[in-house]
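Working notes for the structure below.
Since the model is a prediction, treat every value here as computed from it, not as a measurement. Reckoned from all heavy atoms, side chains included, excluding hydrogens, waters and symmetry mates.
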Amino acid sequence: ALYDEQNNLRNMFILPIMVNDINDQRPQFKSSVLRVDISENLQTRTFFPLESPIDSDSVKYSIQNCTLLNNINTLAYNGLFEVSYNRENKNLQFISNKPLDYETKSEYELEMACFDGENEAVISLMVNVLDANDHIPFFKKTFYNVSLEENKKIDNLVKIEAVDLDDPNSLNSKLTFSLPSELNSAEIREEFFINADNGIIGLRQPLDYEKTKSYTLKVKVQDRGPTNSVPIYTDVYVYVIDVNDHAPQPSVSYIDLFI
């Protein structure tokens, strides 16, 4: 502010202040232990989604990488497992690189660290090997893309299709579909539902483009066998289409008042 000799305000100046982020937030996990169930004898490199760590810093100082730690207990597992973190979508995945043998070892205790450049979060990772189930369900599609207009309540948005080649008359081939809370936000579970028996996803209420333009749903499918039921996962990408549902608002200027 600028004052004259009589201490009257003559002028005011606006000084912009920029607050620069520093790396002062440590990454952290909501859970104390992460658990992964893996069937024995999987012949291909298999990916399993994990709970991602939280870092409240800006993107520049957010999680950069996650890795398994080597210690005296895990050196023998070299090359057997790894983890992968995608900075863009913040997806954390556990990877089993080779077939496991339940009869040889049924459980692995690992440690994983996630780094933000300066700080790290370390968490225990328990891998449970399941005795072989003859067939694991599989999806007919790798992922699903869905587009719909806002303001519409649809009970049959998309059907997730999965197949289990076990005996069709047994529980081992009967599938259950879900949107697990550990992988889907509260907002997603408030907006969407999935029929546990047939995999049909619908809306609990109409979507609002102005509120959220897209959603990523993580669907879990698991057979109902009494033992060794192994879950599989797929992503459903929902894109909301804007409609002309907001009327223009009249604007009256100061000059208009005197015309």
Side-chain angles (χ1 to χ4, degrees), residues 21-40 42 45-98 100-102 104-131 133 136 176-190 194 216-222 227-235:
D21 188 26
I22 62 173
N23 196 354
D24 59 343
Q25 299 294 318
R26 297 185 65 87
Q28 56 183 333
F29 288 88
K30 292 186 295 183
S31 305
S32 57
V33 178
L34 299 182
R35 301 183 182 277
V36 180
D37 293 333
I38 303 177
S39 178
E40 66 170 331
L42 293 178
R45 194 165 182 250
T46 310
F47 295 74
F48 301 86
L50 294 176
E51 170 196 318
S52 295
I54 299 171
D55 193 323
S56 300
D57 282 317
S58 61
V59 175
K60 180 180 179 180
Y61 299 116
S62 62
I63 304 296
Q64 298 180 12
N65 187 35
C66 295
T67 185
L68 295 177
L69 299 179
N70 287 324
N71 56 48
I72 191 171
N73 295 319
T74 61
L75 287 176
Y77 312 151
N78 185 34
L80 190 58
F81 308 114
E82 62 180 294
V83 292
S84 172
Y85 182 75
N86 188 312
R87 292 190 67 184
E88 183 176 348
N89 57 31
K90 299 182 179 180
N91 278 344
L92 176 60
Q93 294 184 311
F94 179 81
I95 305 169
S96 177
N97 288 317
K98 301 176 183 178
L100 304 178
D101 184 5
Y102 175 86
T104 301
K105 189 172 182 62
S106 62
E107 186 177 79
Y108 295 84
E109 298 182 18
L110 310 173
E111 281 192 323
M112 178 178 64
C114 291
F115 308 88
D116 67 3
E118 294 183 14
N119 308 301
E120 69 176 17
V122 178
I123 190 169
S124 296
L125 184 58
M126 303 296 297
V127 179
N128 298 310
V129 182
L130 305 179
D131 200 12
N133 195 342
I136 297 172
T176 298
F177 300 79
S178 64
L179 297 172
S181 59
E182 64 270 20
L183 298 177
N184 293 279
S185 67
E187 179 187 7
I188 286 178
R189 288 180 283 114
E190 289 171 1
I194 188 168
T216 300
L217 284 61
K218 296 193 176 294
V219 177
K220 174 183 177 181
V221 177
Q222 191 166 11
T227 60
N228 308 328
S229 180
V230 179
I232 59 174
Y233 303 85
T234 190
D235 290 340

Test item: Leu42 and Ile136 side chains (from C-beta on) under 4.5 Å apart, heavy atoms |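 Yes; the side chains approach each other to less than 4.5 Å.
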Given the rule in the side chain to side chain contact (heavy atoms under 4.5 Å, CB included) test, do Leu125 and Phe81 qualify, once you have shown the distances and angles that lead to the verdict?
-> CA-CA 11 Å; Leu125 184 58; Phe81 308 114; over 6 Å; no
Keeping [X] on the side-chain end and [Y] on the backbone end, is there a donor-acceptor pair under 3.5 Å?
{"X": "Arg87", "Y": "Asn65", "value": "no"}
{"X": "Glu40", "Y": "Tyr102", "value": "yes"}
{"X": "Ser39", "Y": "Val230", "value": "no"}
{"X": "Asn91", "Y": "Asn86", "value": "no"}

[atom1]/[X] to [atom2]/[Y] distance, rounded to the nearest 0.5 angstrom?
{"X": "Leu100", "Y": "Thr46", "atom1": "CG", "atom2": "OG1", "result": "9.0 Å"}
{"X": "Asn184", "Y": "Arg189", "atom1": "CG", "atom2": "CZ", "result": "7.0 Å"}
{"X": "Ser181", "Y": "Lys220", "atom1": "OG", "atom2": "NZ", "result": "9.5 Å"}
{"X": "Ser124", "Y": "Leu110", "atom1": "OG", "atom2": "CG", "result": "9.0 Å"}
{"X": "Leu179", "Y": "Glu182", "atom1": "CG", "atom2": "CD", "result": "10.5 Å"}

Tell me, please, which residues at least two apart from Lys218 pass salt bridge (Lys or Arg N to Asp or Glu O under 4.0 Å).
->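 Applying salt bridge (Lys or Arg N to Asp or Glu O under 4.0 Å) to Lys218 gives Asp235.
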Test log, rule side chain to side chain contact (heavy atoms under 4.5 Å, CB included), inputs Thr234 and Val221 | CA-CA 8 Å; Thr234 190; Val221 177; 6.0 Å; no
Pair Val219-Ile194, side chain to side chain contact (heavy atoms under 4.5 Å, CB included): steps then yes or no | CA-CA 9 Å; Val219 177; Ile194 188 168; 3.8 Å; yes
Shortest non-hydrogen contact from [X] toward [Y]:
{"X": "Asp37", "Y": "Phe48", "result": "O-CE2, 3.7 Å"}
{"X": "Ile95", "Y": "Ser84", "result": "CD1-CB, 3.9 Å"}
{"X": "Asn119", "Y": "Asp116", "result": "N-OD1, 2.6 Å"}
{"X": "Ala113", "Y": "Glu120", "result": "CB-OE1, 4.1 Å"}

Just wondering, more than 12 heavy atoms not from Lys105 lying within 6.0 Å of its NZ?
->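 Yes, because the 6.0 Å sphere around NZ of Lys105 holds more than 12 heavy atoms from other groups.
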Could you walk me through whether Glu82 and Phe94 pass the side chain to side chain contact (heavy atoms under 4.5 Å, CB included) test, one step at a time?
-> CA-CA 6 Å; Glu82 62 180 294; Phe94 179 81; over 6 Å; no
Could you list the residues that satisfy side-chain contact (heavy atoms from CB on, under 4.5 Å) with Phe29, not counting sequence neighbours?
->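 So Phe29 forms a side-chain contact (heavy atoms from CB on, under 4.5 Å) with Leu34, Glu51, Pro53, Leu92, Met112, Cys114, Ala121, Ile123.
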Glu107: side-chain contact (heavy atoms from CB on, under 4.5 Å) partners, not counting sequence neighbours |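 Scan of Glu107 (side-chain contact (heavy atoms from CB on, under 4.5 Å), adjacent residues dropped) gives Glu109, Met126, Asn128.
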